[in-house]
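One structure is given here, and the rest of the page talks about it.
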Protein chains: 2
Amino acid sequence: MFLSSYENKLDKKRRVSVPASFRSHLSSLGYNGFVAYPSFNHEALEACSEDRIKKLSNTIDSLNPFEEKRDYFATSVLSESMSLQFDSEGRVLITDKLLNHAKIKNSILFVGLGKTFQIWEPKSFEKFKIVARKKAYQNRSNLKWDNKLTGEKI
Amino acid sequence: MFLSSYENKLDKKRRVSVPASFRSHLSSLGYNGFVAYPSFNHEALEACSEDRIKKLSNTIDSLNPFEEKRDYFATSVLSESMSLQFDSEGRVLITDKLLNHAKIKNSILFVGLGKTFQIWEPKSFEKFKIVARKKAYQNRSNLKWDNKLTGEKI
DNA sequence: TGGGTTTTTATGGGATGTTATGGGTTGTAT
DNA sequence: ATACAACCCATAACATCCCATAAAAACCCA
């Protein structure tokens with residue numbers, strides 16, 4: 001799982017260290033890198049393991065080949081995805097295109113979301129976090145949670 | 001189960017001993033650590049075993065990957081969760097972020113809540129306890145008690 | 001039951017390992 | 001050649017490991 005948040009720095013060569021815990025999770029899945037693409041909803045990047053993108057590709061592919069939606073998803077996600085591989089120090093090189101989408105300059109925030117993570121400009125994320133916390137609190141009862149097993153809410 | 005409360009001290013390196021009884025319960029579940037995240041409601045930390053967070057992650061992941069709600073929950077809980085592992089003496093290292101949320105400086109209180117536990121600044125907890133006790137007393141008839149669900153004698 | 005002994009727990013701190021980061025050098029396409 | 005990616009080495013900050021000790025709890029046996 002990708003948990004917690006880590007703020008690291010971009011160097012002059014556009015490299016950034018991926019948090020060790022994220023690397024070790026990816027490594028446990030058999031990967032030495034991950035896939036990133038611009039978020040639909042945010043000025044941020046979405047990131048996940050390669051098999052998750054494969055799954056998404058299959059889902060898109062199950063749509064009718066002549067259906068417009070198919071192209072829209074494929075174009076918006078797959079055509080913009082970059083596969084990023086770690087160097088020997090656990091860093092990745094991020095393209096300018098991706099950095100621009102997230103308006104990242106120097107600092108870069110890795111945000112763990114369980115099966116995926118996001119990459120943010122730290123100050124942008126701070127703003128979003130406030131909204132998210134409010135909305136999550138309002139909707140906390142909407143998350144279906146099987147009480148029979150645990151007998152407790154989150 | 002996590003029962004009772006224990007007050008321990010933070011050392012200079014931000015380490016704190018986890019109560020032995022909590023450790024042995026986690027160990028019986030197959031873990032050598034736990035997950036902590038800031039509470040929604042209190043100036044305190046929520047803590048639980050890893051499988052509980054995994055379950056939450058799976059629940060969140062069952063939502064459509066492009067749905068906004070997904071982000072709200074994941075951001076508010078998962079991105080703030082830290083997986084804390086015991087060192088060889090049964091201590092964990094707590095990040096400043098978590099300590100600040102709970103306003104913890106030197107002393108740290110572990111509060112057993114059955115399947116989960118909380119981490120408090122001792123004096124904050126004293127205040128909360130008074131309120132909690134009052135409210136529990138007012139609502140004492142509202143606790144639904146159904147032997148069929150638990151299947152256990154007490 | 002009481003008092004002495006052993007074991008466990010909480011805590012401190014030095015030594016070692018890891019991580020994030022910087023930068024030089026080599027390799028490789030255009 | 002030029003640009004840039006990949007590889008290699010260096011280092012400071014800090015996490016983890018290991019050993020030490022004091023207090024508390026559990027044990028044991030007269």
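Throughout, protein chains are lettered first and strands after them, A, B, ... in sequence-line order, and every chain is numbered starting at 1.
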Can you see if the side chain of A/R14 gets near the phosphate of D/dA3 - specifically, an N or O under 4.0 Å from OP1 or OP2?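 Indeed not, no polar side-chain atom of A/R14 lies that close.
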
OP1, OP2 of C/dA10 versus side-chain N and O of B/R23: anything below 4.0 Å?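 It does, given that an N or O in the side chain of B/R23 lies less than 4.0 Å from OP1 or OP2 of C/dA10.
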
Compare the minimum distances between each of [options] and the side chain of [X], then state the nucleotide with the smallest one.
| X | options | result |
| --- | --- | --- |
| B/R15 | D/dA6, D/dC18, C/dA10 | D/dC18 |
| A/K9 | D/dA5, C/dT21, C/dA10 | C/dT21 |
| A/N8 | C/dT11, C/dT21, C/dG13 | C/dT21 |

Set out, in order, the CA-CA distance, both residues' side-chain angles and the distance that settles side-chain contact (heavy atoms from CB on, under 4.5 Å) for A/L93 and A/K13, then state yes or no. CA-CA 8 Å; A/L93 202 140; A/K13 300 180 183 178; 5.6 Å; no

Mind calculating the distance between [atom1] ([X]) and [atom2] ([N]) to the nearest angstrom?
| X | N | atom1 | atom2 | result |
| --- | --- | --- | --- | --- |
| B/D11 | D/dC19 | CG | C1' | 15 Å |
| A/N32 | D/dC7 | CG | P | 10 Å |
| B/Y6 | C/dT9 | OH | P | 11 Å |

For DNA chain D, find the residues of residues 81-100 of chain A with a heavy-atom distance under 4.0 Å and give them by number; none if there aren't any.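 When residues 81-100 of chain A is checked for heavy atoms under 4.0 Å from DNA chain D, the hits, listed by number, are A/S88, A/E89, A/R91, A/L93.
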
Reading DNA chain C from 5' onward, which residue's closest nucleotide shows up sooner: A/K13 or B/L10?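 Between the two, 5'-proximity favours B/L10.
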
Quick one: CG on A/N106 to CG on A/D11, what's the gap to the nearest 0.5 Å?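 The CG atom of A/D11 is 11.0 Å from CG of A/N106, to the nearest 0.5 Å.
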
Flag yes if B/L84 and B/L26 sit in one hydrophobic cluster, no otherwise; membership is Ile, Leu, Val, Met, Phe, Trp, Tyr, and two members link when side-chain heavy atoms are under 4.5 Å apart.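 Same cluster: B/L84 reaches B/L26 through Ile, Leu, Val, Met, Phe, Trp or Tyr contacts under 4.5 Å.
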
A/S83-A/Q85 side chain donor-acceptor pair, cut-off 3.5 Å: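 Indeed, the side chains of A/S83 and A/Q85 share at least one donor-acceptor pair under 3.5 Å.
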
Option among B/L109, B/L99, B/I94 that satisfies the side chain to side chain contact (heavy atoms under 4.5 Å, CB included) test with B/I104: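 By the side chain to side chain contact (heavy atoms under 4.5 Å, CB included) criterion, B/I104 pairs with just one of B/L109, B/L99, B/I94: B/L99.
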
How about B/R133: does its CZ atom have over 12 heavy atoms from other parts shown lying under 6.0 Å from it?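 No, CZ of B/R133 has 12 or fewer neighbouring heavy atoms, counting only those of other groups under 6.0 Å.
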
Just report the end-to-end axis angle for the helix from C/dT1-D/dA30 to C/dT30-D/dA1, five pairs per end, to 10 degrees.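 One end's axis against the other's: 40°.
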
Among A/K105, A/K103, A/R14, which residue meets the salt bridge (Lys or Arg N to Asp or Glu O under 4.0 Å) test with A/D96?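 So the option named by the test is A/R14.
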
List in chain and number order the residues that pass ring pair (Phe, Tyr, Trp, His ring centres under 6.0 Å) with B/F110, two or more places apart in sequence or in another chain; answer none if no residue qualifies.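 For B/F110, no residue satisfies ring pair (Phe, Tyr, Trp, His ring centres under 6.0 Å) once neighbours in sequence are set aside.
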
Aromatic contact, A/F117 with A/F34 (centres under 6.0 Å):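 Yes - the distance between ring centres of A/F117 and A/F34 falls below the 6.0 Å cut-off.
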
